[in-house]
> 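Structure in structure tokens, see below.
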Amino acid sequence: MLEYARWKYVVIALVVLLATIYSLPNLYPQDPAVQVSGNRGAIVDDALRASGQAALDEAKIAYKSIELADERLLVRLASGDQQLAAAEKLDDALGDEYTTALNLAPTVPAWLDAIRAKPMALGLDLQGGVHFLMEIDREAALDKQQERFVDDLRTYLRDKNLRYRQVTRTPDGLLIVMRSEADRDSAFTGMSRDFLALELEDRPVSEDNFPLLARLKPSEAGAELDKAIEQNIKTLRSRLNELKVAEPIVQRQGESRIAVQLPGVQDTTIAKKILGATATLEYRAVDETANPLEAQQTGRVPPDSRLYFMRPMTPGGAGQPIVLKKRLIVSGDELTDAAAGFDENGLPAVHVTLNAVGGRKMQAFTDDNVGKRMAVVFIERIPEIRIVDGKEVRTNRIKEEVINAATIQGRFGKRFQTTGLQREEASEISLLLRAGALAAPMDIVEERVIGPSLGKENIQKGWTAVVFSFVFVLIFFVVYYKVFGLIANVALLLNLLLLVAVMSVLGANLTLPGLAGIVLTVGMSVDANVLINERIREELRAGNTPLSSIVAGYEKAAGTIADANVTALLAGIALLVFGSGPVQGFAVALCVGILTSLYTAVSVSRGIATLIYGRRRKLKALSI
């Protein structure tokens, strides 16, 4: 007599119930939507809804609904084309006080949302959107770290009362020139103990110069690059939050690249500008002892200063020269908040708030330099494409200009304002500073845009492949294995239900490679059922009774099925860990599908077989 524990039936029933519930949200597709939010305290209310409705009616753009939720206006539309047209119309009609962004609005019923049942997020290839691949500038990241060490070493030597002539950057590393052999020996001993990230070596002595050369250790250089990438990932996510992009994906790819996916976004102009922008501000002291015009003509600048140029008064004009100290007071990465506004004269300004460290630096500097000038340097990295020997070569031009050089009227610290900007520029810079400064510049090395119509076509083709694979398998099993073919079919359908439910709960992104992984797991689940059925047939041919053949078939096939699935699972885990992008989407579907097929093929199908044949004591034959 076949036996199957009752608690296992209870588990199967619960699994089927939960899988059905958590798969349901995938039957409710998201609506293309336009999201409108207020800038700088602009009110989102019924009046705004009426204005938006009037603008859409005037343009004859059909919409499903206009609703207020979470201090934003959400316009639901029927298609992606209507979404783009509505976004453009609302942006023109509502003005600069409001920001419009493309979004996707859920249609899942409230009771499913209450139990946190959510649909699988669709990848770019299924939903449409834009994909950026960005690469960090390794040299710029390391140069920025070396610049910090220059200031730290100068401060360290002064605090230790060690006399030095200069601390400068060279192509070989940081050159530290001491005034005496005793000072050099003391500096070498102290810096070897306190600056573990640096490698120190003596350089040949010349006259009264006693030099040391400091290099960043290779392990530290790699660690600094990792830190820069992680900081850039956080900054990019923060910037995308400022753009109100729905469910953006920002992840590291390889050693020095970051992949950014913006589902549902079609107009890439703003996103590309914000993502690729490395604009930031630096605050430096003006060198009052140097003559800017003489420095420009002769090229002779004090060793601790550098020649800059003021922003031209007219486009295309020449800016006036100005000499600034190399030592940085504060930079953009020490800013915690920035807001566009106006100064006391009604001119555009950026109101800046520093963190505690930056506030102390600014307070100490302004306390000692009242009556002297401090300059604000605007730095922007501009990507350029040149044609060299018929090929595109991507380069970057660093644009540095002094936007303001004002006399310090009194002591200030964490909060102050920066003027000398245009209105649009003040808004853009405040957004970039508020979102955070990039730890190192980045270049967009790849850009792909996928339209919503192509996404719909991909979905149709992908699910057509899944459906046809299932139909062919179901027909084959019924014809070839009869009743046990029906059992296998039920197990396969439950496997697909479980797979969709688990991926929905995990919040996995469904992509075309993910659909390929689902089709592959269907095939692997077929293998498991074929092994079980063939084992049962072998037992019958060996002369065993039908009931004992069922028991022996499942028990002997279970080990083989487990070995095959574990081997495939290890390959899937390797793809998940070491792969990226589409490979990871395929690996997620593969790993989840292997686990669900292992359960349904061995446990669920045996439970169904026991229900059908378990109580028939005088069973003479099996329909297999």
> Side chains of Leu494 and Val16: closer than 4.5 Å at any heavy-atom pair?
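A side-chain contact exists here, since the closest heavy-atom pair is under 4.5 Å.
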> With no hydrogens and no angle check, is any side-chain donor or acceptor of Asn26 less than 3.5 Å from a backbone partner on Pro119?
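A pair under 3.5 Å: no.
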> Does the pair Glu67/Arg49 count as a salt bridge with the N-to-O cut at 4.0 Å?
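Result for this pair is no, no salt bridge flagged.
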> Rounded to the nearest 0.5 Å, how far does OG1 of Thr600 lie from CG of Leu493?
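Leu493 CG to Thr600 OG1: 10.0 Å, rounded to 0.5 Å.
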> I need the Leu133 CG to Gln261 CD distance, nearest 0.5 Å.
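The CD atom of Gln261 is 10.5 Å from CG of Leu133, to the nearest 0.5 Å.
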> Who pairs with Asp92 by side chain to side chain donor-acceptor pair (under 3.5 Å), at least two apart in sequence or on another chain?
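Counting only residues at least two positions away or on another chain, Asp92 forms no side chain to side chain donor-acceptor pair (under 3.5 Å).
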> Taking the side chain as every heavy atom from C-beta outward, state whether Val108 and Lys118 have any atom pair closer than 4.5 Å.
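The answer is no, as the side chains (C-beta and beyond) never meet within the 4.5 Å cut-off.
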> Could you tell me whether the side chain of Arg76 and the main chain of Pro106 form a donor-acceptor pair under 3.5 Å?
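Yes; at least one donor-acceptor contact below 3.5 Å.
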> Check Leu499 against Ile518 and note the closest heavy-atom contact, atom names and distance.
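Shortest heavy-atom contact: CD2-CG1, 3.6 Å.
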> Please report the shortest heavy-atom distance between Gly52 and Ile66, naming the atom on each side.
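Residues Gly52 and Ile66, closest heavy atoms: C-CD1, 4.5 Å.
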> Run the salt-bridge test on Lys89 and Asp57 with the 4.0 Å N-O cut-off and return the result as yes or no.
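Not counted as a salt bridge, because no side-chain N and carboxylate O are separated by less than 4.0 Å.
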> Do Val592 and Thr521 come close enough that some side-chain heavy atom pair is under 4.5 Å?
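Val592 vs Thr521: side chains apart.
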> Measure from the side-chain N and O atoms of Asp31 to the backbone N and O of Ala33, and report whether any donor-acceptor pair falls under 3.5 Å.
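Between the backbone of Ala33 and the side chain of Asp31 there is no qualifying donor-acceptor contact (under 3.5 Å).
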> Over all heavy atoms of both residues, which pair between Gly572 and Ala587 is shortest? Give the atoms and the distance, please.
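Reported closest heavy-atom pair: O-CB, 3.5 Å.
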> Using a 3.5 Å distance criterion without hydrogens, assess whether the side chain of Glu230 forms a donor-acceptor pair with backbone atoms of Asp226.
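Side chain of Glu230 to backbone of Asp226, a donor-acceptor pair under 3.5 Å: no, none is there.
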> Nearest 0.5 Å, please: how far is CZ in Arg252 from CD1 in Ile229?
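With rounding to 0.5 Å, CD1 (Ile229) is 3.5 Å from CZ (Arg252).
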> Quick one: does Glu400's side chain get under 4.5 Å of Tyr308's, heavy atoms only?
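Touching, per the 4.5 Å side-chain cut-off.
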> Minimum heavy-atom separation for Ile21 and Pro25, please, with both atom names.
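Shortest heavy-atom separation between Ile21 and Pro25 comes out as O-CD, 3.4 Å.
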> Could you check if a side-chain atom of Gln35 sits within less than 4.5 angstrom of a side-chain atom of Leu73, using non-hydrogen atoms only?
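They are not in contact (no side-chain heavy atoms under 4.5 Å apart), so the answer is no.
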> Could you pull out the closest heavy-atom pair between Ala62 and Leu77, with the gap in Å?
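Smallest interatomic distance, heavy atoms only, reads O-CD2, 3.4 Å.
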> Below 4.5 Å, heavy atoms only, C-beta onward: do Val250 and Ile258 meet side chain to side chain?
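The answer is yes, as the side chains (C-beta and beyond) meet within the 4.5 Å cut-off.
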> Please walk me through it: do Asn495 and Ser597 pass side-chain hydrogen bond (donor to acceptor under 3.5 Å, both in side chains)?
CA-CA 6 Å; Asn495 177 42; Ser597 66; 4.9 Å; no
> To the nearest 0.5 Å, what is the distance between CG (Asp46) and CD (Gln53)?
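Reported value, rounded in 0.5 Å steps: 11.0 Å.
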> Mind checking whether Leu56 and Leu90 have side chains closer than 4.5 Å, heavy atoms only?
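In contact.
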> Quick check: do Tyr22 and Val502 have side-chain heavy atoms less than 4.5 Å from each other?
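Tyr22 does not reach Val502 side chain to side chain.
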> Backbone N or O of Thr20 within a donor-acceptor pair of the Ser23 side chain at under 3.5 Å?
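Here the side-chain-to-backbone pair does not exist.
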> Please check this pair: side chain of Ser504 against backbone of Val500, looking for a donor-acceptor N/O pair closer than 3.5 Å.
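At least one qualifying donor-acceptor pair exists.
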> I'd like to know if the side chain of Thr107 reaches the main chain of Pro29, judged simply by a donor and an acceptor atom lying under 3.5 Å from each other, with no hydrogens or angles considered.
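At least one qualifying donor-acceptor pair exists.
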> Taking CD in Gln320 as the centre, count heavy atoms belonging to other residues, nucleotides or ligands within less than 6.0 Å. Is the count above 12?
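It does not: Gln320 CD has 12 such atoms or fewer within range.
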> Write down the atom of Ala87, the atom of Val34, and the distance for their closest heavy-atom approach.
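Result for this residue pair: N-CG2, 3.8 Å.
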